[in-house]
Amino acid sequence: GAGVSQSPSNKVTEKGKDVELRCDPISGHTALYWYRQRLGQGLEFLIYFQGNSAPDKSGLPSDRFSAERTGESVSTLTIQRTQQEDSAVYLCASRRGRMDTEAFFGQGTRLTVV
Amino acid sequence: DAKTTQPPSMDCAEGRAANLPCNHSTISGNEYVYWYRQIHSQGPQYIIHGLKNNETNEMASLIITEDRKSSTLILPHATLRDTAVYYCIVRVADSNYQLIWGAGTKLIIKP
């Protein structure tokens with residue numbers, strides 16, 4: 001596709017359930033980021049993938065959060081045993097590479113934990 | 001913590017120039033200043049970035065002070081569609097080019 005695609009666009013889940021969020025980056029983009037945005041706040045960095053290098057997981061808030069990416073394709077963000085404080089918009093962005101280029105964002109997945 | 005300081009909100013009349021300030025007094029010599037905006041319910045959109053020199057593109061102009069401790073994003077002829085939250089971000093100078101986001105400025109364009 002032409003842009004970064006995220007699915008689902010909205011997800012409502014019960015507390016304690018696991019959820020999986022998907023990101024399809026722009027084709028050929030080697031860098032991929034996941035961010036979390038709580039209502040009315042700025043973006044919080046979660047994790048970064050660059051090609052086949054080990055991901056930077058420094059932003060993951062707890063061991064309930066994990067993410068995978070196979071090569072330079074789709075990435076999934078998994079949240080286990082969801083809590084109400086996990087409710088937020090989860091944004092994915094991709095960038096062409098290590099060069100000084102802009103990041104393109106998807107529309108996000110709005111997660112609501114009830 | 002975010003490395004930039006922005007006013008929480010600003011108003012601007014439609015058709016006028018919108019000037020959004022940003023302070024980044026602790027910026028390092030090899031760190032870039034990026035501007036993104038986020039229209040309601042959408043993902044952030046890249047606007048412009050710069051290192052030392054002023055920059056201009058089809059969307060905006062970026063004016064960076066000589067000491068690089070502050071910058072101003074200029075939307076030359078604001079329209080109602082420019083209503084959004086504008087984020088000024090300093091890029092962390094390491095291999096992952098992580099962007100650290102503050103709360104941004106809510107810009108409201110009034111007719």
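Residue numbers begin at 1 in each chain, while the letters A, B, ... track the order of the sequences. Because the structure is predicted, anything quoted here is derived from the model rather than measured.
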What do you reckon, is [atom1] of [X] surrounded by more than 12 foreign heavy atoms closer than 6.0 Å?
X	atom1	answer
B/Arg68	CZ	yes
B/Leu80	CG	yes
B/Lys106	NZ	yes

Pairs meeting criterion salt bridge (Lys or Arg N to Asp or Glu O under 4.0 Å) with involvement of residues 33-46 of chain B, two or more places apart: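 The answer is B/Arg37-B/Asp82.
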Using a 4.5 Å cut-off on heavy atoms from C-beta on, say whether the side chain of A/Gln107 contacts that of B/Gln42. yes
If you define the side chain from C-beta out and look only at heavy atoms, does anything of B/Gln38 sit under 4.5 Å from A/Leu43?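 SC-SC contact between B/Gln38 and A/Leu43 confirmed.
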Taking all non-hydrogen atoms of both residues into account, name the closest pair between B/Tyr87 and A/Gln41 and its distance. OH-O, 3.8 Å
Please test A/Phe105 against B/Tyr36 for side chain to side chain contact (heavy atoms under 4.5 Å, CB included), starting from the C-alpha separation and ending with a verdict. CA-CA 11 Å; A/Phe105 283 81; B/Tyr36 281 76; 3.8 Å; yes
Is chain B contacted by the side chain of A/Glu44, its backbone, both, or neither, given a heavy-atom distance below 4.5 Å? neither
Which pairs of donor and acceptor atoms, one on a side chain in residues 74-82 of chain A, lie under 3.5 Å apart (sequence neighbours left out)?
| unit_1 | atom_1 | unit_2 | atom_2 | d |
| --- | --- | --- | --- | --- |
| A/Ser75 | OG | A/Trp34 | NE1 | 2.9 |
| A/Ser75 | OG | A/Glu68 | O | 2.8 |
| A/Thr82 | OG1 | A/Glu14 | O | 3.3 |
| A/Thr82 | OG1 | A/Lys17 | O | 2.9 |

